[in-house]
Every structure is written in C-alpha cells, then in structure tokens.
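Throughout, residue positions are numbered sequentially from 1 according to the sequence presented.
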Amino acid sequence: MKDKTFHYEKGGDEMAIGIALTVLVLGLMFASRLSQGKSAKKKYIVWGTTIILIITPFFSCVVPILFSINQGDGFAAVGLMMLLLPLFFLIEVVTLLIGIFKKDNMNKSI
C-alpha cells in the first residue's frame, strides 16, 4: 500500500523571501535617490507612495512568512498580515496627506 501523506518540499520559502527583500531594498534605494534634494512636501509625497506601492506589500509578505516558519503555523502568518496591513495603511495615508497639504516655504526675495 502506498503512503498517501503529503510531502512538503522545502526551498520555495527562501526564494519568495529573497525576491521580496530584493524588491524592497531596490524600491527603498530608488525612493531615497528620488527624494534627494527635493522639498519636504515632495519628500513626503515620494515616501508616501513608496510606502503604498513597495514597503507595505513586500514587508507585509516577508515578515509573516518568516514568523510562520518560526512558529510552524500558517495561521500565524495570516493573523500577522491582518495586523500589519491596517497599520501600514494608516502610516501611508498620514504620510501622503502630510505631503499633499504641506505648504512650501519658498523665500521669494529678489
């Protein structure tokens, strides 16, 4: 009689974590280079959109995967993701709104 248990092949988690961390680091480097020499208003807008597009999805993917590997439970990853996504949503909305409504301090001296 054949063994009907499911055998999990390890190795896919490391690849997913590596790709997510690579995209996260490249996105942070791109955002920091894009915000160099800009006004505070532009910096808030750049970092707000960076948090929305790069940091939230990839950080919220890497941390729960690592946590679930450590705990050995996939439901721990889902729970942690449910906590991280609203937290990052609040951070990104506040950062973006600060950037949108911040007044530029320009000295118009002749």
Looking only at non-hydrogen atoms, find the nearest pair between Ser60 and Leu84 and report the distance.
OG-CB, 3.8 Å

Non-hydrogen atoms of Ile52 and Pro57 that approach each other most closely
O-CD, 3.6 Å

Atom pair CG/CD1 of Leu87 and Ile91 - distance to nearest 0.5 Å:
4.5 Å

Applying the 4.5 Å side-chain criterion to the ILVMFWY set and letting contacts propagate, would Val25 and Val63 be lumped into a single cluster?
no

Shortest non-hydrogen contact from Lys43 to Ser35?
CE-O, 3.1 Å

Determine whether Leu96 and Thr49 make a side-chain contact, defined as any pair of heavy atoms from C-beta on separated by less than 4.5 Å.
yes

Hey, is NZ on Lys41 packed in by over 12 heavy atoms from elsewhere, all under 6.0 Å?
yes

Pairwise side-chain contact, Asn70 with Leu66, heavy-atom cut-off 4.5 Å (strictly under)
no

Please walk me through it: do Leu26 and Ile54 pass side chain to side chain contact (heavy atoms under 4.5 Å, CB included)?
CA-CA 9 Å; Leu26 289 175; Ile54 296 170; over 6 Å; no

So, for Thr50 and Ala31, which heavy atoms are closest and what is the spacing to 0.1 Å?
OG1-CB, 3.2 Å

Atom CE in Met29, atom CG in Leu24: separation rounded to 0.5 Å?
11.5 Å

In short, ring-ring contact (aromatic ring centres under 6.0 Å, His included) pairs touching residues 38-95 with sequence neighbours left out are Phe59-Phe88

Spell out, yes or no, whether Phe30 and Val23 are grouped together once hydrophobic residues are joined by side-chain heavy atoms under 4.5 Å, including indirect joins.
no

Heavy-atom pair with the smallest gap, counting every atom of Ser68 and Ala77
CB-CB, 3.6 Å

Minimum heavy-atom separation for Ile51 to Thr56, with atom names?
O-OG1, 2.8 Å

Each residue besides Leu90 in its hydrophobic cluster should be listed here, by chain and number; the cluster joins Ile, Leu, Val, Met, Phe, Trp and Tyr at side-chain heavy-atom distances under 4.5 Å.
none

Quick one: CG on Leu80 to CD on Gln71, what's the gap to the nearest 0.5 Å?
10.0 Å

Hey, does Ile55 have a side-chain heavy atom less than 4.5 Å from the side chain of Leu28?
yes

When rounded to the nearest 0.5 angstrom, what distance separates NZ in Lys102 from CG in Leu97?
13.5 Å

